[in-house]
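What follows is a single structure, written as structure tokens, with notes after it.
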Amino acid sequence: MKKKNVNCFLAGVMSVMLAMSGMPGVQVAYAAEPDVVAYRDGTYEGIGTGLKGPIKLEVTLKDGKVSEISEKEQHETPDRWESAKGMLARFLGKDYEQADAVDGVSGATFSSNGIRGAVKNAFLKASGDITGSGSWDDPYVIKTVEQLEKFAANVDEGQTYAGQYVALDADLDLAGVKNFNPIGKEDGST
């Protein structure tokens with residue numbers, strides 16, 4: 001079903017629900033707001049996509065914020081990487097939302113986006129039971145709706161996961177999710 005048709009259908013359903021909510025004796029249940037995601041303390045390998053391949057960082061979280069961050073592996077052009085890695089210190093003390101807003105380095109956009117993606121990937125791993133390194137033998141494993149939503153948001157924000165593997169390890173019920181953001185193209189093209 002095309003996005004436009006889905007939006008029209010959802011608008012119609014909402015209209016009926018609003019009309020029914022004003023009728024005596026009729027109660028309409030609305031989906032609850034999602035719980036705030038808790039990030040487990042620990043050290044996580046985050047992987048992002050730079051211009052020349054994967055960027056791997058080691059990110060330590062304490063109380064839901066980045067307490068340490070270091071480079072594990074990257075294949076970027078040396079001068080671009082030297083510029084971009086200066087942004088690593090700007091993640092210290094940041095939570096997920098704040099880390100997502102860390103400015104990149106002009107002239108090293110792909111490396112900057114790869115760093116930001118790696119930090120977000122580390123938070124994704126810390127958000128629950130997601131495991132794995134993204135390899136064929138050890139794919140990222142998504143088990144919850146919250147993990148799937150964060151994964152979709154990462155893709156929309158430029159994390160390609162090119163050459164990496166992801167496994168869905170649960171039947172997820174998205175019926176109660178407001179405005180679920182599907183992964184990939186949403187314009188009806190294939």
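All of these numbers come straight from a predicted model, not from anything done at the bench.
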message: Using the rule that Ile, Leu, Val, Met, Phe, Trp and Tyr join whenever any side-chain heavy atoms are under 4.5 Å apart, tell me whether F151 and V145 fall into a single cluster.
response: yes
- request: Look at the side-chain heavy atoms of Ile, Leu, Val, Met, Phe, Trp and Tyr, link any pair under 4.5 Å apart, and say whether V66 and M87 land in one connected group.
  value: yes
Donor-acceptor list for residues 95-108 side chains, cut-off 3.5 Å, not counting sequence neighbours:
| unit_1 | atom_1 | unit_2 | atom_2 | d |
| --- | --- | --- | --- | --- |
| D95 | OD1 | E97 | N | 3.2 |
| D95 | OD1 | Q98 | N | 2.8 |
| Y96 | OH | N154 | OD1 | 3.4 |
| Q98 | OE1 | D95 | N | 3.0 |
| D100 | OD1 | K120 | NZ | 3.1 |

On a heavy-atom basis, which atom in [X] and which in [Y] lie closest, and how many Å separate them?
{"X": "F91", "Y": "R116", "value": "CZ-CA, 4.1 Å"}
{"X": "K94", "Y": "F123", "value": "O-CZ, 3.7 Å"}
{"X": "L124", "Y": "Q147", "value": "CD1-O, 3.7 Å"}

Name all residues meeting the side-chain hydrogen bond (donor to acceptor under 3.5 Å, both in side chains) criterion together with [X]; count only those two or more places apart in sequence or in a different chain, and write none if there are none.
{"X": "S67", "result": "none"}
{"X": "K72", "result": "E45"}
{"X": "S83", "result": "none"}
{"X": "S112", "result": "none"}

query: When rounded to the nearest 0.5 angstrom, what is the spacing between CG in L92 and OG1 in T60?
result: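 Answer rounded to 0.5 Å: 10.0 Å.
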message: Can you pull out every ring pair (Phe, Tyr, Trp, His ring centres under 6.0 Å) where at least one residue sits in residues 45-69? Sequence neighbours excluded, please.
response: none
- request: Taking salt bridge (Lys or Arg N to Asp or Glu O under 4.0 Å) as the test, write out the residues that go with K85, two or more places apart.
  value: E82
query: With sequence neighbours excluded, what pairs up with K56 under the salt bridge (Lys or Arg N to Asp or Glu O under 4.0 Å) test?
result: E73
query: Within the side chain of N121, is there an N or O that forms a donor-acceptor pair under 3.5 Å with the backbone of G48?
result: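 Here the side-chain-to-backbone pair does not exist.
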message: Is it the case that the side chain of E58 and the backbone of T43 share a donor-acceptor pair, with hydrogens and angles ignored and the cut-off at 3.5 Å?
response: no
Any [X] side-chain heavy atom under 4.5 Å of [Y] side chain:
{"X": "L88", "Y": "I115", "answer": "yes"}
{"X": "L61", "Y": "R40", "answer": "no"}
{"X": "I47", "Y": "P54", "answer": "yes"}

Residues in side chain to side chain contact (heavy atoms under 4.5 Å, CB included) contact with [X], at least two apart in sequence or another chain:
{"X": "A122", "result": "Y44, V59"}
{"X": "T77", "result": "K52, D79, R80"}
{"X": "L148", "result": "I142, L172, L174, F180, I183"}

field: side-chain contact (heavy atoms from CB on, under 4.5 Å) evaluation trace for W81 with H75
entry: CA-CA 9 Å; W81 179 251; H75 306 279; over 6 Å; no
Evaluation steps, side-chain contact (heavy atoms from CB on, under 4.5 Å), between V119 and L57: CA-CA 7 Å; V119 172; L57 301 176; 4.1 Å; yes
